[in-house]
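Inspection log for the structure reproduced underneath, given as structure tokens.
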Amino acid sequence: MANLIAGNWKMNKTAKEAAEFVRELKPLIKDSTEEVALCVPFTCLESVGREMGDSGIKLGAQDMFWLDKGAYTGEISAEMLLDLGVEYVIIGHSERRKLFGDTDETVNNKLKAAIRHGLKPILCVGESLETRQAGITREFIKGQIRGAFEDLKEEEVAEITIAYEPIWAIGTGLTATPEQAGETTGIIKRFTETLYNKSVADKVRVLYGGSMNASNAEALLQQKTISGGLIGGASLKPVDFAAIVNHGKN
Ligand code: 13P
């Protein structure tokens, strides 16, 4: 399975800046065999999608609502994303859980809706520093996974990519060591197997996210339970992001 190297731009770039980024990125990653996705603000989806053309880069969004239409001011539906060519959608990012009220239950609703519409969800899980220091990371992550997967059938779970993003490593410059990241992504894989079976766990791709950059990407991606990265800060400049996509070749 190819790695998925996905950028999460968060709330950065106008539509014009976004198109310029893609124009610069394309030649820098043209020889890569990795799967590459850009999860961009809703307002950039159209310009980024147009600029990507037939480059093979995948278009991603950063959130969605679980209902199809109606009086939900400010929300975006799966159908609206599909209409703009979106393939991936981040669900349950820790910033949305902390700042915008996402819970295991709403994350579960969003996952179900995304899968029902044929979008590929990137489910984010990850512990805070307090949780890690208290030595309860394993139980915390299992709780997040159990909540996210509630009532999902095995063929639905097989569509999900999980991003393990320790909150203490996001935007802090602190990266989980390859061993820490490998251990927790291993927990995620094994727990998926416990809840479902080995064939489902083998299909679920697990990414690492949290201060990933060109210098640490190769060591993290060497871990056998890590199949890619979800990259924030280092995905905002074409050269930095391309260096991660081209990891191991520099
Ligand atoms: P940083 O790469 O900026 O730490 O962000 C990680 C992240 O939150 C990706 O979703």
Side-chain angles (χ1 to χ4, degrees), residues 1-12 34-42 44-45 48-49 52 57-66 76-78 81-82 84-98 100 102 104 106-127 141 144-145 147-149 152 156-167 169-171 176 181 184-185 188-189 191-192 200-201 203-212 217 220-221 225-235 241 244-245:
M1 184 170 3
N3 286 318
L4 171 63
I5 309 293
N8 173 11
W9 285 358
K10 308 190 180 183
M11 195 175 73
N12 290 287
E34 302 288 47
E35 185 179 0
V36 177
L38 291 173
C39 300
V40 306
F42 295 131
C44 298
L45 287 171
V48 167
M52 282 172 171
I57 304 171
K58 312 281 174 63
L59 189 59
Q62 300 173 11
D63 189 29
M64 57 169 274
F65 192 47
W66 60 86
I76 300 283
S77 71
L81 298 180
L82 289 166
L84 292 174
V86 169
E87 189 169 331
Y88 282 100
V89 58
I90 296 174
I91 290 181
H93 192 281
S94 59
E95 287 150 16
R96 295 221 61 89
R97 294 180 193 251
K98 177 160 184 267
F100 304 105
D102 275 19
D104 287 341
T106 63
V107 164
N108 176 246
N109 288 336
K110 290 178 184 188
L111 278 178
K112 285 180 187 153
I115 295 164
R116 188 171 70 244
H117 286 277
L119 287 163
K120 296 179 186 160
I122 303 176
L123 163 68
C124 297
V125 298
E127 80 288 2
I141 300 284
Q144 283 190 320
I145 302 268
F149 286 180
L152 286 184
E156 294 173 317
V157 170
E159 297 298 317
I160 299 174
T161 297
I162 301 178
Y164 167 55
E165 300 207 304
I167 296 170
I170 295 179
T184 315
T185 50
I188 292 169
K189 280 275 193 188
F191 191 53
T192 304
V200 171
K203 286 187 193 127
V204 170
R205 201 158 37 172
V206 184
L207 317 180
Y208 169 78
S211 299
M212 198 186 226
L220 288 159
L221 294 169
T225 45
I226 300 183
S227 309
L230 185 58
I231 297 118
S235 74
F241 186 58
I244 300 175
V245 173

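Residue numbers start at 1 and run along the sequence shown. Bear in mind that the values here come from a model prediction, so they are computed numbers and not experimental data.
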Report task. Show your working on side-chain contact (heavy atoms from CB on, under 4.5 Å) between Ser235 and Phe241 and close with a plain yes or no. Result -> CA-CA 5 Å; Ser235 74; Phe241 186 58; 3.7 Å; yes

Requested in this report: Please report the shortest heavy-atom distance between Ala148 and Val107, naming the atom on each side.
Outcome: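 That would be CB-CG1, 4.1 Å.
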
In Å, rounded to the nearest 0.5 Å, how long is the span from [atom1] of [X] to [atom2] of [Y]?
| X | Y | atom1 | atom2 | answer |
| --- | --- | --- | --- | --- |
| Ile231 | Tyr208 | CD1 | OH | 10.5 Å |
| Leu38 | Trp9 | CG | CH2 | 5.5 Å |
| Leu207 | Thr225 | CG | OG1 | 11.5 Å |
| Leu59 | Cys44 | CG | SG | 10.0 Å |
| Ile115 | Leu111 | CD1 | CG | 5.5 Å |
| Ile91 | Ile160 | CD1 | CD1 | 8.0 Å |

Decide yes or no for [X] and [Y]: does some side-chain heavy atom of the first lie under 4.5 Å from some side-chain heavy atom of the second?
| X | Y | result |
| --- | --- | --- |
| Ile226 | Tyr164 | no |
| Leu230 | Ile90 | yes |
| Pro41 | Met11 | no |
| Phe42 | Leu81 | yes |
| Arg97 | Gln144 | yes |
| Lys112 | Glu156 | no |
| Val206 | Ser227 | no |
| Thr161 | Val204 | no |

Report task. Can you sort out the partners of Glu35 under salt bridge (Lys or Arg N to Asp or Glu O under 4.0 Å), two or more places apart, ordered by chain and number? Result ->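 Glu35 satisfies salt bridge (Lys or Arg N to Asp or Glu O under 4.0 Å) with Lys58, Arg205 only.
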
Query - Under the salt bridge (Lys or Arg N to Asp or Glu O under 4.0 Å) test, residues paired with Asp102 that sit two or more places apart - result: Lys110

Query raised in the report: Just by modelled atom types, is the Glu95 backbone N or O under 3.5 Å from a matching donor or acceptor in the His93 side chain?
Result: yes

Query raised in the report: Quick one: does Glu34's side chain have a donor or acceptor within less than 3.5 Å of a partner on Ile5's backbone?
Result: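 Not at all, since once roles are kept as given, no pair shorter than 3.5 Å links the two residues.
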
Requested in this report: Check step by step if side-chain contact (heavy atoms from CB on, under 4.5 Å) holds for Asn8 and Gln62.
Outcome: CA-CA 7 Å; Asn8 173 11; Gln62 300 173 11; 3.5 Å; yes

**Report entry** Check against side-chain contact (heavy atoms from CB on, under 4.5 Å), Thr106 and Trp66
**Finding:** CA-CA 8 Å; Thr106 63; Trp66 60 86; 3.7 Å; yes

